[in-house]
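Quick notes on the structure that follows.
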Protein chains: 2
Amino acid sequence: MKSVEAITSLAETFRVLGDPTRIRIAFALSREELCVCDIANLLGVSQSAVSHSLRTLRQMKLVRFRKEGKIAYYALDDDHIAELLEVGFGHVEEKR
Amino acid sequence: MKSVEAITSLAETFRVLGDPTRIRIAFALSREELCVCDIANLLGVSQSAVSHSLRTLRQMKLVRFRKEGKIAYYALDDDHIAELLEVGFGHVEEKR
DNA sequence: CGCTTACATGAACACACGTTCATATATCGT
DNA sequence: ACGATATATGAACGTGTGTTCATGTAAGCG
C-alpha cells in the first residue's frame, strides 16, 4: 500500500501537468532545452504566463533551469517526466 | 510533433487524475474491482462525491463499470492507467 | 405493495486556479 | 550611464471545480 503522502504528491504532479499551457511547455522541453522567450513565442503565450507556469512546474520539480547571463534555459528535470508524457500519449491515442 | 488534440486530451487526462479523491479511487481500482459503496467506505468519502468522481473518470475513459443488479462494479479501463500511476509513483518517490 | 439499499445527478456554494496587467530586478549593448 | 531585453512576481479578476445537500431511479426484500 502506498503512503498517503505519495498519493497526495502524485495527485499534485498530475494536477500540474493537467493544464494545457504547462503540458505544452513540458512537451516542448522534452525535445530540447529552451529559454523563456522561446517558449513564449513557440506556444503563443505571454512571457508572464510562461514564467508563472514554469514556476509551478519548478515547484513540483518537473523542470530545472540554468541561468546564462540574463537568459534562463529550462529543461525537464529528469527522464521520468518524458516517460510520463509518453505513457500518457499511449493512453490517449488508444482511446481515440 | 504531436497533434494539438492529443496534447489537449493528455492534459485533460492528467487534470482528471490530478485530484486527490479521483487518484485515490484509481489507485484502489488498480488493485481490485470495487463497487461504489466499497470505494466510499474505503476512502471515507460520501457516496455522492464518489459517484461524481467516478463520472469524471468515466468520461475520460479511465474506468469502466458493469452493473450487477443494483450494484455497480468499477475497474480501471485498461492497463495503461495502472502503468501511468506506477510511472508517476516512480517520479514522486525519486523526488522525496 | 411498501421499505430499504445502491447508485446517479442537478443545483449551489465556497474555493482554487490561470491569465493579464503592472512593476521590479538584473544583464547586455552602446 | 541609459535604454533595451530577459525574466520574475504580486495583485486582481473571471472562470472552473469539488463537495454537499436534496432528490430521483431502480433493484432487492419482506
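Naming convention: chains lettered A, B, ... in sequence-line order (proteins, then strands); numbering from 1 in each chain.
- A donor-acceptor distance shorter than 3.5 angstrom exists from the side chain of B:R24 to the backbone of B:L43, with no hydrogens or angles considered.
- Cluster membership check: A:V45 shares its hydrophobic cluster with A:V63, using side-chain heavy-atom separations under 4.5 Å among Ile, Leu, Val, Met, Phe, Trp and Tyr.
- Under a hydrophobic clustering in which Ile, Leu, Val, Met, Phe, Trp and Tyr are joined whenever their side-chain heavy atoms come within less than 4.5 Å, directly or via other members, B:L10 and A:V87 fall into the same cluster.
- Taking a heavy-atom distance under 4.0 Å as the criterion, the stretch of DNA chain C touched by chain A extends 5' to 3' from C:dC17 to C:dC28.
- Put simply, the side chain of A:S9 never gets that close to the backbone of A:E5: no donor and acceptor are under 3.5 Å apart.
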Stepwise side-chain contact (heavy atoms from CB on, under 4.5 Å) test for A:I7 and B:F89:
CA-CA 8 Å; A:I7 294 186; B:F89 274 124; 4.0 Å; yes

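- Within the structure, salt bridge (charged side-chain N to carboxylate O under 4.0 Å, His left out) pairs that include any residue of residues 82-95 of chain A comprise A:E93-B:K2, A:K95-B:D77, A:K95-B:D78 (at least two apart or interchain).
- Among residues at least two apart or in separate chains, there is no salt bridge (charged side-chain N to carboxylate O under 4.0 Å, His left out) pair with a member in residues 37-58 of chain A.
- Of the residues in residues 62-74 of chain A, those with a non-hydrogen atom less than 4.0 angstrom from any atom of DNA chain C are A:G69, A:K70.
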A:S51 and A:Q47: side chain to side chain donor-acceptor pair (under 3.5 Å), yes or no, with the steps?
CA-CA 6 Å; A:S51 266; A:Q47 173 267 318; 3.2 Å; yes

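- Taking hydrophobic clusters as Ile, Leu, Val, Met, Phe, Trp and Tyr residues chained together by side-chain heavy-atom distances below 4.5 Å, B:L42 does not share a cluster with B:I71.
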For every nucleotide of nucleotides 18-23 of chain D, 5' to 3': is a protein heavy atom under 4.0 Å from its base (B), only from its sugar-phosphate (S), or from neither (-)?
SBBBB-

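- A heavy-atom distance below 4.0 Å to DNA chain C is reached by these residues of residues 35-43 of chain B, ordered by number: B:C35, B:V36, B:C37.
- Residues B:I39 and B:L54 are in side-chain contact: their nearest non-hydrogen atoms beyond the backbone lie under 4.5 Å apart.
- Using a 4.5 Å heavy-atom cutoff, the side chains of A:L84 and A:L17 are in contact.
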For B:I23 and B:F27, what are the C-alpha separation, side-chain angles and deciding distance, and is it a side-chain contact (heavy atoms from CB on, under 4.5 Å)?
CA-CA 6 Å; B:I23 205 162; B:F27 181 64; 5.6 Å; no

